[in-house]
There are 2 protein chains.
Amino acid sequence: MPVGWSTLVAVSTARAYHHGNLRAALVDAGVQVVREHGAAGADAVALRDLARRVGVSHNAAYRHFADREELLGEIAGVGMTALTEAIAARLATLGEPDAVRAARLALREIGRGYVAFALADAGLFRLAFAAYPSLAGAPAMEPELEATVEASPFGQLNRALDALVEVGYLAPDARPGAEFTCWSLVHGLAMLFLEGPLQRLGPAERESIVEGALAAIDRGFGGTTGGAWPPLG
Amino acid sequence: MPVGWSTLVAVSTARAYHHGNLRAALVDAGVQVVREHGAAGADAVALRDLARRVGVSHNAAYRHFADREELLGEIAGVGMTALTEAIAARLATLGEPDAVRAARLALREIGRGYVAFALADAGLFRLAFAAYPSLAGAPAMEPELEATVEASPFGQLNRALDALVEVGYLAPDARPGAEFTCWSLVHGLAMLFLEGPLQRLGPAERESIVEGALAAIDRGFGGTTGGAWPPLG
DNA sequence: CGCAGATGTGGCCACTGTCAACATGCCCGT
DNA sequence: ACGGGCATGTTGACAGTGGCCACATCTGCG
């Protein structure tokens, strides 16, 4: 390499990677690649390609990641937090005074946000779940894992369901297990839209299906306390 | 290659593939590979490996499949019919005299069969849906596609829901869209068990979750006609 | 100032999908 | 009956990949 090469890189990418940002740069590039290739974007991320994009020779990545899967896991983490934040952003804009309606709207909004993110960021969404297996390697890291779950769509969902009970909309004895039912429903919707036979549906049809499913949840999925409440509209 | 080589192959593998069974043999081998590697088995199927197993040189497959994806699509088809048959087999053993209970049990059994197959045959199940995109190439083959849908888990589900309406258990105005809600629910369960954060659950916990979700469906998912019916037990 | 450890490089291997050119054997029309 | 045509299978090559190895280089610390 001629003189000035590393300087050029340093200038164009803010400090030479020798300073420690190679790992982050690779993950960033990976996220970008996954996003470029819509669904099934995970298969499109190649270690060597990422290294090329970052301006580093192949093999350099092996100083920061054990193997390709570890890098994918990191990207998946980015995707998961992105999903969480997308849902949180939606929840933040709700602002409903009535407590019962607020809790019901929150649950619905989580579902909407979940599916919307899956459709908008298909690659990241699928990777976020496909790469979770790698996280299943460590058996006994209870505390940290607990925190991870708390700050995840699953945590948001659990809090919303608890709120529904507190507010008196959801019967306490219908609460256990409701999180899995709700989660499965929206996750199934997302997956069927992304890779199932439902992927050719138009936006309007998709929205209709999503709203129908979310209405079913609100209507008495886990068993509401009664029929005293009108539909959300 | 010395003389006798092709003869040997012909003898050892039951008639030379020149006779037209190469395509089927490749698909069979592919199914086996997918089954060997539990989940994510689709990534494990390599054209060259399959050719090797079948005892044929690489590239021979290109006389029967345009590319790897087409072969995967064929394997996916096998998986989809296997799923359909697994569900049908469960439905056949039901034999409930009461019409209402029969319809409700059928719906529940479809859900059970769906999830059970996904867990038992993870590779085939995931491939069956992951490779559906390839099927999305032809836009206007309406009649044949209709038949395909009819003879699929989706068709079975639709018939079960129609039966629930006929029998008076499900309100007719709650019928539209119910198929998507039900399907999403079981599909979501399957996917979360297979590749989501729920994959480390034990069989007992899984079954509990599945039964809870299916009970929620029976209890009034799409809106039953009333609370006159006791739980299935 | 100099050395050790972190970081990045180049070469190599096995493997894959895919294309192009070549060989082989079966079937059908004359 | 036979010979050519065509489907089928083979060989070889190319570009790409993940993953190891031994080597170079830079950095920070004693």
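Worth knowing before you read on, the calculation uses all heavy atoms, side chains too, and leaves out hydrogens, waters and symmetry mates. Throughout, protein chains are lettered first and strands after them, A, B, ... in sequence-line order, and every chain is numbered starting at 1. Being a predicted model, the structure only gives us computed values, none of them experimental.
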Exercise. Rounded to whole angstroms, how far apart are CG on B:Leu50 and P on C:dC15?
Worked result: 16 Å
For this session: Report the distance from atom CG of B:Leu71 to atom P of C:dT18, rounded to the nearest whole Å.
Result: 10 Å
Exercise. Just to confirm, is there a sub-4.0 Å distance from OP1 or OP2 of C:dG10 to any side-chain nitrogen or oxygen of A:Ser57?
Worked result: yes
Problem set entry | Contacts of type side-chain contact (heavy atoms from CB on, under 4.5 Å), residue A:Ala51, not counting sequence neighbours | A:Val56
Seminar exercise, completed: note: A:Leu22, atom CG; D:dT25, atom P; distance rounded to Å ~ 18 Å
Problem set entry | Nearest-Å distance for atom pair CZ/P, residues B:Arg23 and D:dA7 | 15 Å
For this session: Can you sort out the partners of B:Glu70 under salt bridge (Lys or Arg N to Asp or Glu O under 4.0 Å), two or more places apart, ordered by chain and number?
Result: none
Problem set entry | Counterpart residues, ring pair (Phe, Tyr, Trp, His ring centres under 6.0 Å), relative to A:Phe180 (two or more places apart) | A:Phe154
Problem set entry | Sequence-distant partners of B:Glu36, side-chain contact (heavy atoms from CB on, under 4.5 Å), two or more places apart | B:Gln32, B:Arg53
Exercise. Which residue pairs satisfy the side-chain hydrogen bond (donor to acceptor under 3.5 Å, both in side chains) criterion with at least one member in residues 78-93 of chain B, sequence neighbours excluded?
Worked result: B:Arg90-B:Glu109
Exercise. Rounding to a whole Å, what distance do you find between B:Asp43:CG and C:dC15:C1'?
Worked result: 15 Å
Exercise. Nucleotide by nucleotide, 5' to 3', does protein get under 4.0 Å of the base (B), only the sugar-phosphate (S), or neither (-) in nucleotides 14-20 of chain D, counting heavy atoms?
Worked result: ---SBBB
Problem set entry | Under-4.0 Å salt bridge between B:Arg52 and B:Asp49 | yes
For this session: Provide, to the nearest angstrom, the distance between the CZ atom belonging to B:Arg63 and the P atom belonging to C:dG17.
Result: 17 Å
Seminar exercise, completed: Separation of C:dG17 atom P from B:Leu26 atom CG, nearest Å, is 12 Å
